[in-house]
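Numbers for residues simply follow the sequence, beginning at 1. Values below: all heavy atoms of this structure, side chains included; hydrogens, waters and symmetry mates excluded. Just so you know, ligand 1 is whichever comes first in the structure, and atom 1 is the first atom listed for that ligand.
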Amino acid sequence: MSYLFKPLELEKLRLTNRLVMPPMATAKSEENGKVSQAILDYYKEKSEGGHISLIIIEHSFIMPEGKASNNQMSIADDSLIKELKSLAEVIQSNGSKAIMQINHAGSGTTKEVIKTTPVAPSAVTNPRRGSIPRELSRNEIQDVINAFRNAALRVKKSGFDGVEIHSAHGYLLNQFFSPLTNKRTDEYGGDIYNRIKIHLEVIRAIREAVGEDFPILLRLGASDFIEGGTTIEDSKIAVKEFEKAGVDILDISGGFCGYNVPHLTGQGYFAPLTEAIKKVINIPVILTGGIIEAEVAERLLVEEKADLIGVGRAIFNNSNWAKNAHESLG
Ligand SMILES: Cc1cc2nc3c(=O)[nH]c(=O)nc-3n(C[C@H](O)[C@H](O)[C@H](O)COP(=O)(O)O)c2cc1C
């Protein structure tokens, strides 16, 4: 049996294989962020056959100020739970586990989308956006933590198998993590431990709300690949703290560089990051980025670069990708 299609049995989550569909925004939600028929159809098609063990659905906003773009999915209030239940069921009835990614965009949005000035750790320009955000007060940071907590509870009530906290691609938690955007002088800024204080508070608040048995994933932009930004050395410290605080699976991607790195090409371009991270923690690590061939996914696992492999655009472009991989690798 191939490594890619070997089960991974975790205490809280039984995965039939190592293949993950990473979160990819479809912009197919209704205007208010509600799950639409188009979303149900999309995830039904992607999960068909059950060859992907873990499907992490696209980022949803935890509060209106944290919305990233138009027609983004929402997890910001209880009225959304009914349709979200249908979405979880569609994926699970095909045999995959369903995880929901929750996000606050911070300064990674625009005034046009949220109808007010975007917020951030500090009033400095987001390297991925042009305008200057407003600095969050300490009370507002507590509101954000509560919103993450409430959103995670809704994910659980909607019947999903777990929740993923988004701290990559230049969104709010990434903005706290990175010295490029976090210039705070209070306990939420400064050294790496202060820059992950909000993450640890979010993880602990979620854990308290969802209980011990519900899986918590965290997607970390593990390096900005920008002068003065975060490096793998920051991430090696951060992931140990995340594990201690209760994260069950770490999902690795880029920071302010996004999910691509201009000077890094090839399949599995974040492998040096996941390899280094795997050495300092005991929880499983997901590697995503550039992988288009099943044989390469297999090799990355054999070489112990990661425990799980995310295949995004290749599955987006071809809903039979996983079925074909299963047939070719067995
Ligand atoms: C259209 C699109 C939307 C995406 N939306 C998200 C998202 O909502 N959350 C997230 O963490 N990553 C998002 N990503 C990044 C993917 O999860 C993945 O990391 C990236 O596509 C690289 O993997 P790939 O080369 O296998 O596609 C998105 C990528 C694409 C192409």
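- A salt bridge links R134 with E140; the closest basic N to acidic carboxylate O contact falls under 4.0 Å.
- In this model, no donor atom of one side chain and acceptor atom of the other lie less than 3.5 Å apart for S137 and N139.
- Q101 OE1, 2.8 Å is the protein heavy atom nearest to atom 9 (N) of ligand 1.
- If you check the side chains of Y188 and N182, you find no donor sitting under 3.5 Å from an acceptor.
- Taking the six-membered ring where the residue is Trp, the centroids of F242 and H199 are separated by under 6.0 Å.
- When each of R128, R129, Q175 is paired with S107, the side-chain hydrogen bond (donor to acceptor under 3.5 Å, both in side chains) condition holds for Q175 and for no other.
- Short contacts between ligand 1 and H169, defined as distances under 4.0 Å to a heavy atom of the residue, involve ligand atoms 10 (C), 11 (O), 12 (N), 15 (C).
- Backbone and side-chain nitrogen or oxygen atoms of Y259 are examined, and none is located within less than 3.5 angstrom of a nitrogen or oxygen of ligand 1.
- The shortest contact between atom 3 (C) of ligand 1 and any protein heavy atom is with A25 N, 3.2 Å.
- Inclusion of P22 in the set of residues having an N or O under 3.5 Å from an N or O of ligand 1 is not warranted.
- No side-chain donor from either of Q142 and N146 sits under 3.5 Å from a side-chain acceptor of the other.
- Contact between G290 and ligand 1 is present, with at least one heavy atom of the residue lying under 4.0 Å from the ligand.
- In terms of the side-chain contact (heavy atoms from CB on, under 4.5 Å) criterion, residue partners of I81 (sequence neighbours excluded) are, by chain and number, D78, K85, R154, K157, S158.
- Closest to atom 10 (C) of ligand 1 among all protein heavy atoms lies R219 NH1, 3.2 Å.
- For ligand 1, none of its N or O atoms has an N or O atom of E58 under 3.5 Å away.
- I57 has its side chain within reach of I91: a pair of non-hydrogen atoms, C-beta onward, lies under 4.5 Å apart.
- Only the backbone of V311 comes within 4.0 Å of ligand 1, counting heavy atoms alone; no side-chain atom from C-beta on gets that close.
- With sequence neighbours left out, the salt bridge (Lys or Arg N to Asp or Glu O under 4.0 Å) criterion links E30 to no other residue.
- The nearest heavy-atom contact from the protein to atom 18 (C) of ligand 1 is T288 CG2, 3.9 Å.
- Listed by number with element, the atoms of ligand 1 under 4.0 angstrom from any heavy atom of G289 are 22 (C), 23 (O), 25 (O).
- The atoms of ligand 1 that sit less than 4.0 Å from any heavy atom of R313 are 21 (O), 22 (C), 24 (P), 25 (O), 26 (O), 27 (O), 31 (C).
- In this structure, the protein non-hydrogen atom closest to atom 26 (O) of ligand 1 is G312 N, 2.8 Å.
- Residue contacts with ligand 1 leave out A314, since none of its heavy atoms falls under 4.0 Å from the ligand.
- Among all heavy-atom pairs drawn from N174 and G254, the shortest one is OD1-O, 4.4 Å.
- Between P23 and ligand 1, at least one pair of N/O atoms sits closer than 3.5 Å.
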